[in-house]
Structures are given as C-alpha cells and as structure tokens.
Amino acid sequence: MAPLTDPRTALLVGASRGLGHGLAAAFLDRGWDVIGTARDPEAPSPLTDLAAHSGGHLSVEKLDVDEPAQLSALRERLAGRRLDVLFVNSGTTNNEDTPVGAVPTEDFVRVMVTNALGPMRVIEALTDLVADDGLIGAMSSGQGSITNNTTAGREVYRGSKAALNMFMRGFAVRQSGTRRSILLLAPGWVRTALGGPEAPYTVEESIPLLMDVVESRLGRPGLAYLDREGRIVPW
C-alpha cells in the first residue's frame with residue numbers, strides 16, 4: 001500500500017464571504033487543508049461556520065490587507081508552515097459612476113490600497129512560505145484589461161485592477177528563477193456584495209469553474225491572466 005501523504009494546504013486571503021468563502025469550501029471538498037483570513041475571525045460568518053464543520057481542516061486567521069501590522073503578525077503565526085497555494089481575494093470599489101477626476105482622494109486611495117497595494121504586500125510578505133512549485137494568485141477582473149475597456153465606467157476600480165496586474169507581472173519576473181505558478185484570475189461579473197444583484201453569474205455556478213482554473217495552473221511555472229473558463233485575458 002502506498003504511504004499516505006499530507007493534504008495540500010491553501011491560504012485564502014479574504015475568505016469570509018462571497019467568492020473567497022466559496023473557494024475555501026471548494027478546496028475543502030477537493031481534499032485540501034485551508035487557512036482562510038477574515039478581518040474579524042471572531043464574528044459569525046459563512047467562513048466561521050464552514051470552519052466549525054470542517055473537522056479541523058479549515059482554520060481562520062485575522063487579517064485586514066489594509067493593516068500592515070496585522071500582516072506582520074500573521075506572518076509570525078504562520079512561520080514554519082508550507083503552503084501549496086497562496087491566493088488573495090480582497091477587493092472593494094467606489095461609486096462606479098464617478099469619473100476618475102471627480103473621485104475624492106480618500107476614495108481613490110482606499111480602492112487602490114485594498115485592491116492593488118494590499119494584495120501585493122500580502123504576497124511579498126508570505127512568498128517564502130509557498131513551495132517552490134506552488135501557486136501564488138490574486139483575484140483580478142476582466143475590467144483590469146486595458147485592451148477590453150471599451151465601455152468606460154468604474155474607472156477607479158478598473159485602474160486598481162490594472163495596477164494589480166502590472167504589479168503581479170513585475171513580481172512574476174522576480175519569480176522567474178522558481179517553478180512557481182503566478183495567476184491573475186478574472187471571475188466574471190458575479191452576484192456578490194461587490195458585484196451586486198444584477199450580476200449574471202452566481203457564486204455557486206462560478207466556484208467550480210474558478211477552482212478548475214486554479215488547479216489547472218498547479219505545476220505550470222510563470223504568469224497567466226485567465227478568465228473563469230481558463231481563457232487568456234488580454235492585458
């Protein structure tokens with residue numbers, strides 16, 4: 001009989017609800033151990049409920065990506081852990097109808113920090129915990145594609161995701177000496193708190209597709225910007 005192997009481990013940042021929670025459940029269903037982060041891990045949420053019924057395969061950690069001190073504390077708590085997947089799913093937006101030149105500075109900074117700088121801080125801080133052949137990913141958006149921007153609107157959100165894409169591209173260059181897979185995932189317009197009630201896709205129908213894309217990139221070094229069907233999104 002072949003020896004038993006330990007489950008693979010995924011760290012999902014921003015997993016308390018929506019797509020992050022859905023991915024946590026999908027990783028569990030596929031036999032992974034999961035560490036999920038939430039801004040308030042003590043507050044009842046879909047993630048804490050999932051953890052309570054996970055048989056110890058899901059733990060919940062505290063992290064607000066806008067708070068560097070919390071990231072440092074998380075890094076210390078995870079010292080010595082080996083991650084097969086690190087995936088960041090934090091995101092916010094502003095009034096989507098406001099032209100960028102009319103956006104208050106504090107709104108601009110908030111969206112940029114949460115959607116672009118925060119995820120990169122997380123990735124830079126935790127990369128050394130990820131296996132050399134593991135995957136590092138972030139939830140981007142098709143709206144981060146400059147090529148596909150033919151409708152305008154949501155200008156700060158689009159800009160934040162385009163910035164995230166650029167930062168990840170630079171990060172991938174610095175990772176070129178490893179076997180790590182770097183993934184930017186564009187999930188489509190999904191009915192979440194961020195996506196709103198008019199979005200055409202539900203979380204339930206989206207998660208299996210997104211999970212398939214993540215698993216398809218394991219063991220494939222280099223950067224990919226892919227949609228929910230695994231198709232290349234133009235930069």
Side-chain angles (χ1 to χ4, degrees), residues 9-30 32 34-41 45-48 50-51 58-67 70-71 74 78 83-93 110-127 129-130 134-144 157 160-161 163-165 167-168 171 181-196 199 201-204 206-215 217 224-228 233:
T9 300
L11 171 58
L12 305 178
V13 174
S16 61
R17 60 181 181 175
L19 290 174
H21 165 260
L23 283 172
F27 272 101
L28 287 174
D29 287 344
R30 299 192 187 191
W32 290 64
V34 177
I35 305 164
T37 75
R39 284 179 292 181
D40 183 359
S45 70
L47 183 66
T48 56
L50 186 65
L58 168 61
S59 59
V60 182
E61 292 283 353
K62 180 181 180 66
L63 181 64
D64 182 336
V65 299
D66 294 349
E67 299 292 339
Q70 291 187 17
L71 177 57
L74 176 64
L78 295 179
L83 305 175
D84 298 285
V85 167
L86 165 61
F87 193 88
V88 184
N89 179 55
S90 60
T92 190
T93 191
R110 174 178 55 83
V111 175
M112 285 292 181
V113 169
T114 300
N115 291 4
L117 180 58
M120 294 312 303
R121 282 174 169 164
V122 171
I123 287 168
E124 298 279 8
L126 303 181
T127 288
L129 302 180
V130 180
L135 180 144
I136 299 171
M139 195 70 80
S140 184
S141 170
Q143 294 192 34
Y157 179 81
S160 70
K161 291 300 186 178
L164 173 65
N165 292 352
F167 298 153
M168 283 289 278
F171 172 77
S181 178
I182 314 296
L183 175 63
L184 286 159
L185 186 54
W189 189 10
V190 183
R191 219 171 295 154
T192 62
L194 183 63
Y201 304 124
T202 66
V203 171
E204 291 74 19
S206 300
I207 288 300
L209 298 174
L210 301 178
M211 187 69 192
D212 286 347
V213 174
V214 171
E215 289 199 315
R217 292 299 305 173
Y225 179 22
L226 304 177
D227 70 10
R228 61 195 280 121
V233 182

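What you are looking at is a predicted structure, and each value in this text was computed from that prediction instead of being measured.
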How long is the gap from [atom1] on [X] to [atom2] on [Y], to the nearest 0.5 Å?
X: Trp32; Y: Leu23; atom1: CH2; atom2: CG; value: 11.5 Å
X: Asp66; Y: Ser90; atom1: CG; atom2: OG; value: 7.5 Å
X: Met168; Y: Leu184; atom1: CE; atom2: CG; value: 4.5 Å
X: Leu58; Y: Thr48; atom1: CG; atom2: OG1; value: 9.5 Å
X: Ile35; Y: Leu11; atom1: CD1; atom2: CG; value: 5.5 Å

Looking at [Y], is its backbone amide N or carbonyl O close enough to the side chain of [X] to form a donor-acceptor pair, meaning the two atoms are under 3.5 Å apart?
X: Ser160; Y: Ala116; result: no
X: Asn115; Y: Lys161; result: no
X: Thr37; Y: Gly14; result: yes

Hey, does [Y] have a side-chain heavy atom less than 4.5 Å from the side chain of [X]?
X: Leu164; Y: Met120; answer: yes
X: Val214; Y: Leu185; answer: yes
X: Phe171; Y: Ile136; answer: yes
X: Asp84; Y: Leu135; answer: no

Tell me every residue that passes side-chain contact (heavy atoms from CB on, under 4.5 Å) with Ala24, counting only those two or more places apart in sequence or in another chain.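 Here the qualifying residues are Leu12, Val34, Leu47, Leu50.
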Listed partners of Arg121 passing side-chain contact (heavy atoms from CB on, under 4.5 Å), at least two apart: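 By the side-chain contact (heavy atoms from CB on, under 4.5 Å) rule, Arg121 matches Pro68, Leu71, Leu117.
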Between [X] and [Y], what is the shortest heavy-atom contact and its length?
X: Gln143; Y: Tyr157; answer: OE1-CD2, 4.0 Å
X: Leu226; Y: Arg217; answer: CD1-CD, 3.8 Å
X: Arg228; Y: Pro187; answer: NH1-O, 2.8 Å
X: Gly137; Y: Ile123; answer: O-CD1, 4.3 Å
X: Val233; Y: Asp227; answer: CG2-N, 3.6 Å
X: Gly20; Y: Asn89; answer: N-ND2, 3.0 Å

Stepwise side chain to side chain donor-acceptor pair (under 3.5 Å) check, Arg39 with Ser16: CA-CA 8 Å; Arg39 284 179 292 181; Ser16 61; over 6 Å; no
For Tyr225, which residues count as a ring pair (Phe, Tyr, Trp, His ring centres under 6.0 Å) partner, sequence neighbours excluded?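 By the ring pair (Phe, Tyr, Trp, His ring centres under 6.0 Å) rule, Tyr225 matches Trp235.
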